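We count ligands from 1, going down the list as the structure has it; atoms in each ligand are counted the same way. All values reported here derive from a predicted model rather than from experimental measurement.
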Amino acid sequence: MLIGPGGVGKGTLAAELVARDPSIWLSRSWTTRAPRPGERERGAYVFVDRDEFERVVAQGGFFEWAEFLGHLMGTPIPNPPEGADVLLEIDVQGAEQVLAKRPDATVILLLPPSLEVQAARLASRGDDGAHIRRRVDQGIFEVERGRTIAHHTVVNDEVGQALGELTAIVERTRTAAQGAAKPEDT
Ligand code: 5GP
């Protein structure tokens, strides 16, 4: 799971990871928030209204879901191709739910180099001033609570560098999981 404050670059890094490694399968979340420019076209989310989201909650169709700044966000029950590793880009409340179901999951907390850089990134995608302040405040919570569950922390200062660190974490995690799955050598 990739977690971290809004504007830290989770979406960009998740897309890059998947583009470089076809055995990583990125879950597409559902949301009740309105699409930002271009999001619908690139299939960033499944955009639904609250009634439809709640219908799927009632049917048990989400692996996890949470309310984030007034909008519902949820991961449908994952359906990856055989053998793929599942990548979720979610908030810290969702990550806690996933860990409760899958204690073997790995949590990577992405951090911005500074709060100023984070606010500037939020502004560059068109969020207004009041919204940016709420997102930055929410981000402080995401980082504090995120640190309590994260297995790894990566600072996203320069995308290439952060991607290199993420790739190394994925490789180490795979190797460790393969080792754990093998019977003990006698
Ligand atoms: P945004 O509005 O920036 O796209 O997303 C707001 C927050 O919701 C981000 O922290 C993002 O990672 C999180 N989020 C996106 N999809 C999901 C999801 O399926 N479940 C949960 N719990 N959080 C999500």
Starting from [atom], find the nearest protein heavy-atom neighbour and note its residue, name and distance.
atom	answer
atom 19 (O) of ligand 1	Ser29 OG, 2.7 Å
atom 23 (N) of ligand 1	Asp91 N, 3.1 Å
atom 2 (O) of ligand 1	Arg33 NE, 2.6 Å
atom 8 (O) of ligand 1	Met73 CE, 3.5 Å

Residue [X] vicinity, atoms of ligand 1 by number, heavy atom under 4.0 Å:
X	value
Glu89	11 (C), 12 (O), 14 (N), 15 (C), 16 (N), 17 (C)
Arg135	1 (P), 2 (O), 3 (O)
Thr75	18 (C), 19 (O)
Gly74	18 (C), 19 (O), 20 (N)
Ala66	22 (N)
Gly94	22 (N)
Lys10	9 (C), 10 (O), 11 (C), 12 (O)

Original post:
Would Met73 and Ile90 satisfy side-chain contact (heavy atoms from CB on, under 4.5 Å), going step by step from the backbone distance to the final call?
Top reply: CA-CA 8 Å; Met73 324 286 291; Ile90 60 179; over 6 Å; no

**OP:** May I ask you to identify, for Met1, whether its side chain, its backbone, both or neither come under 4.0 Å of ligand 1 on a heavy-atom basis?
**Re:**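 The answer is neither; Met1 stays 4.0 Å or more away.
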
Subject >> ligand 1 versus Tyr45: contacting region, heavy-atom distance under 4.0 Å >> reply: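 The part of Tyr45 near ligand 1 is the side chain, not the backbone.
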
**OP:** Could you tell me whether ligand 1 has any atom less than 4.0 Å away from a heavy atom of Glu39?
**Re:**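 The answer is no: ligand 1 sits nowhere under 4.0 Å from a heavy atom of Glu39.
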
**OP:** Decide whether an N or O pair under 3.5 Å exists between Phe68 and ligand 1.
**Re:**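 No; the residue has no nitrogen or oxygen that sits under 3.5 Å from a nitrogen or oxygen of the ligand.
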
Original post:
Between Glu64 and ligand 1, is there a nitrogen or oxygen pair with a distance under 3.5 Å?
Top reply: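 Between Glu64 and ligand 1 (N or O atoms, distance only) the closest approach is under 3.5 Å.
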
Original post:
Which heavy-atom pair separates Pro76 from Phe62 by the least distance, and what is that distance?
Top reply: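 Looking at all heavy atoms of both residues, the closest pair is N-CD2, 3.8 Å.
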
**OP:** Determine yes or no for a side-chain-to-main-chain donor-acceptor pair under 3.5 angstrom, with Gln93 supplying the side chain and Glu67 the backbone.
**Re:**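 It does hold such a pair.
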
